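These notes are about the structure you will find just below.
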There are 2 protein chains.
Amino acid sequence: MDLKVMFYPESVAVFGSAGEGKLANVLTNRLLDGGMNRVYIINPKGESVREAKGYTSLAELPAKADLAVIAAPAKTVKGILEDCGRAGVRAAVIISSGFSEAGNSDGERELTETARRHGIRFIGPNCAGMVSAHAHLVATLETSPPPGGVSLISQSGAVGGSFMALAADDGVGIAKFISYGNGGDLTVLDLLRYLKTDGETKVVALYLETVPSGREFMLAVQDVSAVKPVVVVKSGRTDTGQRAALSHTGSMAGADAVCDAALRQCGAIRVDTLHDLLDVCKAFALLPPARGRKMSIVTNSGGPGVMTADRADTDGLLVGETSDRVKAKLGEFLPSFAGVRNPIDLTVEGTGDQYGQAVATALEESDVAVALYIGTPYLKAMPVAAGIASAVKRAGKPVAAIMQVGSDINESLTYLRDEGIPCFPSGERAVSSLAALARYEERRGLPYEPCLTAVGPVNEKRAFPEGEDRLLEPDAMKLLRENGISVPDFAFAADEESAVRAVRGFGYPVAVKVVSPRIVHKSDCGGVILNVADDEGLRSAFKKMAAIGEGRDFKGVVIYPMLKPGREVIIGLTSDPGFGPMVAFGMGGIYAEVLRDITFRVAPVSKDEAARMIKEIKMYPLLRGVRGQAAVNTDALAEMIARFSTLPLVYPDIHEADLNPVFAYENGVIAADVRILGK
Amino acid sequence: MDLKVMFYPESVAVFGSAGEGKLANVLTNRLLDGGMNRVYIINPKGESVREAKGYTSLAELPAKADLAVIAAPAKTVKGILEDCGRAGVRAAVIISSGFSEAGNSDGERELTETARRHGIRFIGPNCAGMVSAHAHLVATLETSPPPGGVSLISQSGAVGGSFMALAADDGVGIAKFISYGNGGDLTVLDLLRYLKTDGETKVVALYLETVPSGREFMLAVQDVSAVKPVVVVKSGRTDTGQRAALSHTGSMAGADAVCDAALRQCGAIRVDTLHDLLDVCKAFALLPPARGRKMSIVTNSGGPGVMTADRADTDGLLVGETSDRVKAKLGEFLPSFAGVRNPIDLTVEGTGDQYGQAVATALEESDVAVALYIGTPYLKAMPVAAGIASAVKRAGKPVAAIMQVGSDINESLTYLRDEGIPCFPSGERAVSSLAALARYEERRGLPYEPCLTAVGPVNEKRAFPEGEDRLLEPDAMKLLRENGISVPDFAFAADEESAVRAVRGFGYPVAVKVVSPRIVHKSDCGGVILNVADDEGLRSAFKKMAAIGEGRDFKGVVIYPMLKPGREVIIGLTSDPGFGPMVAFGMGGIYAEVLRDITFRVAPVSKDEAARMIKEIKMYPLLRGVRGQAAVNTDALAEMIARFSTLPLVYPDIHEADLNPVFAYENGVIAADVRILGK
């Protein structure tokens, strides 16, 4: 079933008490006020609310209801779903609480099973309802703004309500609002997939406290993002916030760095606050695509222009100096005391016509523009608003307006909104939204490569022998080599004689390490000897290793040729409870330890994504080469990260692994040590 | 003269055309509307505006005017000041433009001279005027909010106007507003000093694009900050913003890192945007001091509570779990389904009484609190507002309120404002303001130590011989030693024999470096030989140095005992065009180069301030000790930074210097190399 009937019902049956002030009563009123014509209300007494006639069951209805809105006590909900099933109602919004959020997971499972049995899809339970503004469907107690292009899926009803109230105040139109509550049936994934195809939704806003089914979520977001932007507030960022989220939802919040990496990787646009969410959604809903990062600022006052330019720098928009050609053109209609360098400063004498002409002229060489008007209570803003609107029509590029102070400021804001031009409370906020537009288009311009699919279909294998959960070093090195990861020559030797024979393969000097399943930190117990120069030294080293390994299940030694020193990096694999296998990359040693200069991705990553990881770390200049040092081969390094990141997919029994250090050289990379652990 | 007559005049004379829409006409109207009773207007035709009678000169006035507000053409202003001088007017606001901002610096100098001659103090020219709200003085075209405790000094009239409009919308009261324009007489320094003693000003807001007289400004801000907070927006943060500021004010903007360090050092509270400025000022104006960083969050909705907790973590407020004692107390009046862990979540059923009791109870163990109310259009906010207000009265600690959504939200906001409780548009913004309160009180709690005075009175000396601008290495080392900066033993030797003799003083092995005024980068040309082991080696080293120095004014060699390696840090001195001598500290080598892990202060710094610098750098853990390494002696390091930072004060001819590297050990520090340059 597609969800069309959920969002475009022709008739709605509300379940619950019709008494004044009761939930079902208020919901019925809202449905009627919202413009839904066929509303019925069903409760034990069959009481009516206004035009919504009351019945005691669906069977009594004069016509079929398309959607059930359930605000009846928890214990009655299962029966109501049965009633819906019998009557052919295939969509429900369950507002009622008292299910998994209150420890009643059994009750919730029963709802899900009942619905499945009858082919019913539902939103909730324990949710704040939903809105389908273009269909005049207001099935929520929350504020409902005018119809428009922004759709919001919210894990928190109250946050959804706040967002809608902010949107209503700001004249921002909504397409769909869904508070999915406990997600007993329809989850954020289903809703995302639906909104992808919803013609009325131009931009998807998400408020999340936890990310369910991390990998599926990423694929869904990336899929939607290819068509329309997905803007996300994910709260519980910090330790304190996570503790708060934990006590709020009772669900485990993943570490924020992981979540941040995952959101970036799938193309979501992450913002911090609800105000930011509204700003960015407004820009996407109203503006044409931003074709690049060049921005012009047209202002009548220097100070706000400077502050706007500051933010542009921070957010990655380019406020370059106006070209001579455009300066000349501006000079044709601006007085000599106007600033033309960008910001273009019309001064307090700037007229509406000048605003219009300046914005249009600036956009000849810019991709986006901000028009700042700072009046006094004695200046009129309307002529400026009209000037800006005329420029926007001519240019067809994104323009954001800031109108401050003036007797007719509110009139000018309403006028601009009616003209479809987004207004922001400050230049800074306008810039941040325009920057999001530019970044989104930039990413859309890259070839589409679904995340998490770099490995392609795999034949799953076992990394560990039955019943074991770690690999001895030579076995781990072998596994790396089999998977195309560059390792040094090495040889395992169980006795002195085979050790001496083995070195013939690569020659002295060599490094010798003890091999024992019970020795993890080899260096700590003297289990590593470097620079062994000849057979005699090797024999002596073997004896030492045998002594160290005695009584600890000594297996032998692993021998490597000595490696020349390179720049040391670390590549790691971990597993996140929500997102599964993760790959990490950073510089080795104290950089990782002190600076936490490490970047993450959900595994696997493509070589291109791995190349982005390399450039992301703070110490990247060390790899590119400082003080006359040559660059390391970052291509080979990216290749190694990408290959390594596929291991947990090929070997699902690998839980954790690291290559530490990897030596990176001008002409290649080599994993100098390895550790692979099972679950 | 104190500035009292400027801000509390009993009569005002406006200079300029009385014609409808003309500046002087509008200003006269604003003065009359603002409640100033004795207003005169002076123009060539002696025309009146409403009750303000018109005259052609001050001499005609029936009584003396206390303040002149001048909006007449630039070329007439000097004459008007002469008129003021003759008539005994001692304060003026010069709105007129056409002076230094338009290249007419001579005209501006004439104004200043004329005013000085007559003992007149003036604001402007080229300014947006001023407000003294408690004195009913509105001498500006900008919006004027109700009287209150916030005073604003703004370098930009338009930014000032925007701030005042935001304040008026938000019901935030203003004490004084001054747009100082070109600062031809009264500068931001004079105005800061006046506001320090102004009883109506509870908090000073500053908007600056450039910081004039950097060091004096710092001392003034620190002086005011000891009594009341100074909150600053300094724009032109970034390269782009600075270019914009440059074209706006035509004045040189210093590098932002320097400015940021200077503002921190003198105790200013720097914020980013005008909205932040208003938030923080509102909190300071309305709230009692914050005695610590412990914060409670009382909410009726989990999501916003989580987002608020997130921001607390970022901004350094502590949202710790509620104690068992307070949990038990909360349990007495809250239902079992309410959250009590902090955030305290009253759920959608939370009542006004519960809000009041929960906030009061939480404040028994917290220093500040945020009360978040997120309603629906069908819930009433007023009972909650009353509950919050009652708790605030009982607790006497800072409480910020957020009221969102509800049929009576605006009523509740007005009520809370009338009760003197600051309301914020989001929990995040409330938290940032409360954090500023807590930090300000923390700093006030430290012993007052005026910045930039660490060195005390100094006898200025010359570092360089007449006509020279650099010191040879042994002379630079000697200068360090004379100033109590720890250097290695060293000896200068002009010939082989004295070199050999000199080493007797400290013994082999030694390092030998060439001494020549024409060799700066000694290592690059082989001018450094390490680990010289005996007399023979030393003689050979001397010969090599003499060869290298040949034809380059060879002076001899400097000899040091070999130093044991330590952790390498850099201490530097530079000079900023605005703030003068600066001291920098960071880790040596690639940390400085790649990470730019360097912190700055305006010099000199006290040992305490130097200790703060050490802790500020990202790589500080390396000094504290990682991987079992011992901590270096940061006390000795702070001492060295402090002493080094005094050098440009003792030797004003020092322009630039660095100690690179300094070796930091467990038991001390030693400057291993030095470079000192003159202007």
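Below, chain A is the first sequence line, B the second, and so on; all start at residue 1. Computed from a prediction, not measured in an experiment: that's the story for all the values here.
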Give the minimum heavy-atom separation between A:Pro304 and B:Ser156, together with the two atoms involved. CD-OG, 4.5 Å
Between B:Leu141 and A:Tyr378, what is the shortest heavy-atom contact and its length? O-CD1, 3.7 Å
Using a cut-off of under 4.5 Å on heavy-atom pairs, state which of B:Ser154, B:Pro377, B:Ala158 scores highest against chain A. B:Pro377
Can you list everything that forms a side chain to side chain donor-acceptor pair (under 3.5 Å) with A:Asp169? Sequence neighbours excluded, please. none
Greatest number of non-hydrogen atom pairs under 4.5 angstrom with chain B, of A:Ser162, A:Gly161, A:Gly157, falls to A:Ser162
In terms of heavy-atom pairs under 4.5 Å with chain A, the winner among B:Arg311, B:Gln404, B:Met307 is B:Met307
Examine whether an atom of B:Tyr207 lies under 4.5 Å from a heavy atom of chain A, and if so say whether it belongs to the side chain, the backbone or both; otherwise answer neither. side chain
I'd like to know whether NZ of B:Lys327 has more than 12 heavy-atom contacts from other residues, nucleotides or ligands below 6.0 angstrom. yes
With respect to chain A, which residue among B:Asn300, B:Thr273, B:Leu166 yields the maximal number of heavy-atom pairs within a distance under 4.5 Å? B:Thr273
If I measure from the heavy atoms of chain B, does A:Ile409 come under 4.5 Å with its side chain, its backbone, both, or neither? neither
Heavy-atom closest pair (B:Asp272 atom, A:Glu428 atom, distance to 0.1 Å) is O-OE2, 4.3 Å
Contacting region of B:Leu274 [heavy-atom separation from chain A under 4.5 Å]: both
What's the spacing between B:Glu142 CD and A:Ile374 CD1 if we round to 0.5 Å? 10.0 Å
Contacting moiety of A:Phe337, where chain B heavy atoms sit under 4.5 Å: neither
Do you know which of B:Asp597, B:Leu379, B:Val405, B:Thr140 has the most heavy-atom pairs with chain A at a distance under 4.5 angstrom? B:Val405
Between A:Val233 and chain B, with a heavy-atom cut-off of 4.5 Å, which part of the residue counts as in contact: side chain, backbone, both or neither? side chain
Which heavy atom of B:His275 sits nearest to which heavy atom of A:Ser426, and what is that distance? CE1-CB, 3.9 Å
